[in-house]
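The structure appears below as structure tokens.
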Amino acid sequence: MSVILFIMDGLGDDDHRFRCNKAGRVRVGTPLSLSNTPRLDRLASEGVTGMLSVHGEGVVPESEDAHLRIFGYDPKSYLPGRGPLEALGAGLRLQEGDIAFRTNFATYVNGRIVDRRAGRIDTREAHRLGRIISNITIDGIRFIFKPTVEHRGVLVLRPGRSKKNKLTDKITGNDPEHYRVKYGKVRPIGRSYESKHTAEVINRYLELVHEKLSKSSINEKRKKKGLPVANYLLLRGPGRYRRIESIKKRYGLRAVCVAGAPLYKGVARYVGMKVVDVPGATGDKHTNLKNKIDEVNRLIKSGKYDLIFLHVKATDSFSHDGDCLGKTKFLEKIDRIMGPKLVRLSKEHDIIITGDHSTPCKLKQHSADPVPIMITGPEVTPDRVKTFNERSCSKGRLGVVSGDKMITIIRALLGRVE
Ligand code: ZN
Ligand code: ZN
């Protein structure tokens, strides 16, 4: 028997007035309450429900800290910064002491960033440019760059053995939207030798990157076509990687992750989960839900895992776009494509369905509101709740569950705790 932990990112929402289909009348409710999701409702009616408040009342979660908490790691001591998580998610193997950033290809003209995304450069072109600027060593520090999707990528600095090359994440990024920086340079935070040294060596790398990219034939072609050139790298979310105790060692869980978006794969790798790459699982609105649930099914049948973490990102993306209808339709798609298999699996396995935080469409950002949660399985005694939404689940028998209880719940379902 295994536990499936299905997290729909930014699942929780607020009441809005909107048409839940293009022709329909205007109704008031949340995307979850107005969507037609018979299978999710059935799972809720056969299980026990409640509301999940990941960090407790009034605290607005980010996805990475919410997931860490749910997996049983206090983000106050374990959050390594976004850079290392994205780098792990992009498939880079990190070493203790590496510094990692998220990056954008950008357009730099006369000392100014004029396009933060280099015209959302095509992924293939970005990958060819990436080869020019990866594996560069400056003063014994190795720079490893990996492009991911469109203008996005990750950069890792590996210090090498020499003591004078000790690096720190006490530096700013150089992305003008996130930091008060001029001329696309990073700055030290504080006065330590490490901060100054790290900032200085990164700025030398950035200059070299600019020089190399400017000369590339890809950018020549882009210029001729009137497209913004990708001649600079913007960095943000610095973090220092350290190895932590795995979820297997800490909680005895053999865990595996089925996700599309790099951040979630990264968090999973960071806590020592196995991560499978599913074809078509893109982490966006066009992700292949069928392939993901088929993979979950296959992993369960293998009998190798206690915990299968399944993640879907698009619910949160629709919310950030303020698209209530899109979120509603996507929930219906989840129900239609993933629902039947989840119902079948719930006869033999335990399934937890919830979100990491609320992202109300009208706010277009995360909120501190709790998220509906349900636990269904062969031995779970149902409560009276018959539907899966914010209002019904707030009457569920679980009450308000705090994020740090989640790992205990998972272990209890597996019979590991009283
Ligand atoms: Zn999230
Ligand atoms: Zn979000």
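We count ligands from 1, going down the list as the structure has it; atoms in each ligand are counted the same way. Note: hydrogens, waters and symmetry copies are ignored here, and every other heavy atom, side chains too, is used.
- Among the backbone and side-chain atoms of Glu62, no N/O/S atom is found under 2.8 Å from the Zn ion (ligand 1).
- When rounded to 10 degrees, the angle formed at the Zn ion (ligand 2) by OD2 (Asp316) and NE2 (His320) equals 100°.
- How far CG of Leu414 is from CZ of Arg411: 9.0 Å, rounded to the nearest 0.5 Å.
- Residue His357 does not count as close to the Zn ion (ligand 2), with no N, O or S atom under 2.8 Å.
- At a cut-off of 2.8 Å, Thr359 is not counted among the residues with an N, O or S atom near the Zn ion (ligand 1).
- Judged by distance alone, the side chains of Asp9 and His357 do bring a donor and an acceptor atom under 3.5 Å apart.
- A salt bridge is defined here as a Lys NZ or Arg NE, NH1 or NH2 lying under 4.0 Å from an Asp or Glu carboxylate O, and Glu86 with Lys146 fails to meet this definition.
- Geometry about the Zn ion (ligand 1) gives an angle of 110° between OD1 of Asp9 and OD2 of Asp356, rounded in steps of 10 degrees.
- A donor-acceptor pair under 3.5 Å is absent between the side-chain atoms of Arg158 and the main chain of Ile144, judged by distance alone.
- Side-chain rings of Phe309 and Phe71 approach one another, their centers coming within less than 6.0 Å.
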